[in-house]
Each structure stands twice: as C-alpha cells, then as structure tokens.
2 protein chains.
Amino acid sequence: MNEQEAAALFGALSNDDRLRVIRALVRAGPDGLAAGEIAEAIGASPSRASFHLSTLSEAGFVHAERQARSLRYRVDFDRIGALMRFLLEECCAGHPDLRSCCGS
Amino acid sequence: MNEQEAAALFGALSNDDRLRVIRALVRAGPDGLAAGEIAEAIGASPSRASFHLSTLSEAGFVHAERQARSLRYRVDFDRIGALMRFLLEECCAGHPDLRSCCGS
DNA sequence: CTTTCATTTCAAGTTACGTTGAAATAATAT
DNA sequence: ATATTATTTCAACGTAACTTGAAATGAAAG
C-alpha cells in the first residue's frame with residue numbers, strides 16, 4: 001500500500017453514510033446484509049445506497065455475492081486492517097504515542 | 001466523535017500530498033517543520049502546501065506555532081489515534097479480526 | 001414468456017475539492 | 001520607514017464527488 005492507494009481508501013471512508021454502511025454490516029455479522037436492507041438501515045434511497053456500496057466495494061471494504069434476487073454484502077476486516085496498519089506503521093512509523101492511543 | 005466528524009477527518013487524509021505531510025512531520029519529530037520545509041519535502045508550491053496544511057490543521061492532525069518568521073508545524077498523534085479508535089471501536093465494534101490485523 | 005422484485009446504471013444539476021499565480025499579511029532586519 | 005523573507009489568502013478555473021429520479025438489467029415466480 002502506497003500513499004496514493006491509502007488516500008483513495010480514506011476517501012472511501014470520508015462520508016458518513018458509508019461509515020454507517022460499514023457499521024450496519026459489522027453489526028450484521030458474517031451473514032451480511034442485502035443492498036435493500038442496507039439502504040433501509042442508513043435511511044437512503046436504493047440508488048444512493050447502491051452508489052455508496054459501489055464506492056466501498058471498489059475500495060475493497062465490502063464484497064457482494066448474489067443470493068437469489070438480492071445482492072448480499074459483507075464487510076472485509078482485512079482491508080480495513082490493512083489501511084489502519086498503513087497509517088500506523090508506514091505513515092506514522094509505528095510511533096509509541098499512536099500505538100498506545102489505539103490500544104495496542 | 002460521531003460518523004460525521006470521522007468522515008470529515010478521513011476526508012482530510014484522502015490526499016497523498018497530505019499523507020506525505022504527516023509522514024514528513026512524523027520523521028521530523030517533536031521539533032516539527034516550517035511550512036516552507038514541508039512544501040519542499042513534498043515537492044509542492046508554497047501556496048499548495050499551505051492549502052493542505054490548513055486542511056490538516058482544521059482537522060486537528062497538525063498544529064502550528066510561530067517561530068520568528070516561520071510557522072512551525074507539528075503532528076498530533078492523539079488526534080490520529082482518536083480517529084483510529086473510532087474506526088476500530090465505534091465503527092467496527094472492536095471486532096477481533098480487525099484488532100489482530102492492526103497488531104493489538 | 002410475462003410479471004415482479006431487487007439492484008444498478010445513467011443523465012442532469014449542484015456542490016465540494018484541487019491547482020495556479022498574484023496579491024496580502026506578518027515578522028524581522030537594515 | 002523600507003526592504004526582505006515566510007506564509008497565507010484570494011479569485012478563477014477545471015475536475016471530481018454527491019444527489020435525484022427515471023430507465024435498464026438480472027433473477028426468479030406464476
């Protein structure tokens with residue numbers, strides 16, 4: 001991961017609707033949620049939710065799988081972890097002040 | 001910290017020039033760097049660096065202090081840590097997969 | 001095969017962000 | 001006071017992101 005990729009991933013997180021999407025998917029657990037359920041969970045129109053989901057999906061934070069008529073989305077913790085690790089290790093050189101801050 | 005504030009902070013990190021600013025300030029240590037030194041470090045014009053610094057400053061990731069003719073900037077690890085903690089604890093409910101990912 | 005349901009794509013308008021160079025401010029030295 | 005250095009602010013432009021509603025796609029049921 002380089003600065004440019006990390007910047008793009010931070011961009012995918014720079015929207016409160018999308019943060020709520022992640023939160024809803026985390027709460028939902030391994031089964032994930034269908035796109036329509038997500039739209040309802042964050043109080044957005046289907047097309048708006050779809051737009052945010054495609055942004056998150058392109059960033060790799062979520063993945064979709066078709067299940068009958070629905071597209072079921074799941075969160076990818078590895079991808080979020082990779083970004084946090086970049087910020088902590090590459091960007092901040094694993095500085096102790098940040099490690100302790102982050103509860104490590 | 002709520003979703004809206006966190007989203008704004010992620011927005012401040014969603015630019016590779018600004019990530020390089022943070023990196024340069026981390027490397028510089030407690031003494032920080034003058035705005036002009038930062039501009040040179042990231043290969044940007046003074047006005048462009050100033051623009052990015054004001055974005056980072058507004059987000060609270062850096063702080064400035066005048067020293068003679070120069071404005072000396074320092075990184076705020078607490079602020080970065082607060083954002084990481086939000087992502088880990090609030091947004092992802094302290095999920096074990098993410099904790100381990102992040103080296104805790 | 002037609003209808004229905006779930007979701008995405010598209011086009012249009014609005015808003016926000018990034019870049020540039022010139023002008024303005026702030027502090028210091030002569 | 002004036003000049004010099006460091007930095008920011010401003011205006012203007014181009015580009016990217018967001019929102020909305022309507023149309024299009026994909027899958028399944030009757």
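Below, chain A is the first sequence line, B the second, and so on; all start at residue 1.
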TODO: Name the nucleic acid region contacted by Ser47(B), choosing base, sugar-phosphate or nothing; use a 4.0 angstrom heavy-atom cut-off, strictly under.
DONE: base

Open item on the list: With a 4.0 Å cutoff (strictly under), does any side-chain N or O of His52(B) reach OP1 or OP2 of dT19(C)?
Closed with: yes

- [ ] With the side chain of Ala35(A) defined as its heavy atoms from C-beta on, choose the nearest nucleotide among dT19(D), dA22(D), dT7(C).
- [x] dT7(C)

- [ ] Calculate, to the nearest 0.5 Å, the distance between atoms CG and CG belonging to Leu98(B) and Leu83(A) respectively.
- [x] 10.0 Å

Open item on the list: Please confirm whether the shortest side-chain N or O distance from Asn15(B) to OP1 or OP2 of dC17(C) is below 4.0 Å.
Closed with: no

Task: Closest to side chain of Arg48(A), choosing from dT8(C), dT20(D), dA6(C) - done: dT20(D)

TODO: Can you check each nucleotide of nucleotides 25-30 of chain D against protein heavy atoms at under 4.0 Å and return B for base, S for sugar-phosphate only, - for none, in 5' to 3' order?
DONE: --SBS-

- [ ] Could you check whether Ala49(B) gets within reach of a base, just the sugar-phosphate, or nothing at all, counting any heavy atom under 4.0 Å?
- [x] nothing

Task: Of the listed nucleotides dT9(D), dT7(C), dA6(D), the one nearest the side chain of Leu71(A) - done: dT7(C)

Open item on the list: Please report the distance, rounded to the nearest Å, between CZ in Phe51(A) and P in dA6(C).
Closed with: 23 Å

Task: Whole-Å gap separating P (dA6(C)) and CG (Leu53(A)) - done: 16 Å

Open item on the list: Do the side chains of Glu89(B) and Arg99(B) get close enough for a salt bridge, i.e. N-O under 4.0 angstrom?
Closed with: yes

Open item on the list: Less than 4.0 angstrom from a charged side-chain N to a carboxylate O is my criterion; do Glu90(A) and Arg27(B) meet it?
Closed with: no

Task: Verdict with supporting geometry, Val75(B) and Ile80(B), side-chain contact (heavy atoms from CB on, under 4.5 Å) - done: CA-CA 9 Å; Val75(B) 69; Ile80(B) 298 176; 3.9 Å; yes

TODO: Find the distance Glu37(B):CD to dT7(D):C1' and express it as a whole number of Å.
DONE: 13 Å

TODO: Specify the separation, in whole Å, of atom CG of Asp16(A) and atom P of dA17(D).
DONE: 17 Å

Task: Straight-line distance of Arg18(A) CZ to Phe10(B) CZ, nearest 0.5 Å - done: 11.5 Å

TODO: Any chance you could measure Leu87(A), atom CG, to Arg23(B), atom CZ, to the nearest 0.5 Å?
DONE: 11.0 Å

- [ ] Answer with base, sugar-phosphate or nothing: what part of the nucleic acid does Arg18(B) contact at a heavy-atom distance below 4.0 Å?
- [x] sugar-phosphate

Open item on the list: Rounding to an integer number of Å, can you tell me how far Leu56(A) CG sits from dA17(D) P?
Closed with: 14 Å

Task: d(CD, Glu58(B); C1', dC17(C)) in whole Å - done: 13 Å

TODO: Ignoring backbone atoms, establish whether Ser70(B) has a side-chain N or O less than 4.0 Å from OP1 or OP2 of dT7(D).
DONE: yes

Open item on the list: Starting the side chain at C-beta, find the nucleotide from dT7(C), dT8(C), dT19(C) nearest to Ser50(A).
Closed with: dT8(C)

TODO: May I have the step-by-step check of salt bridge (Lys or Arg N to Asp or Glu O under 4.0 Å) for Arg79(B) and Glu5(B), ending in yes or no?
DONE: CA-CA 12 Å; Arg79(B) 187 70 168 156; Glu5(B) 185 183 357; 3.1 Å; yes

TODO: Please round to the nearest 0.5 Å and tell me the distance separating atom CD of Gln67(A) and atom OH of Tyr73(A).
DONE: 13.5 Å

- [ ] Report which part of the nucleic acid Ala34(B) touches: base, sugar-phosphate, or nothing (heavy-atom distance under 4.0 Å, all strands).
- [x] sugar-phosphate

Open item on the list: Side-chain N or O of Tyr73(B) versus OP1/OP2 of dT8(D): is the shortest distance under 4.0 Å?
Closed with: yes

Open item on the list: What is the distance, to the nearest angstrom, from the CZ atom on Arg72(B) to the P atom on dA27(C)?
Closed with: 17 Å

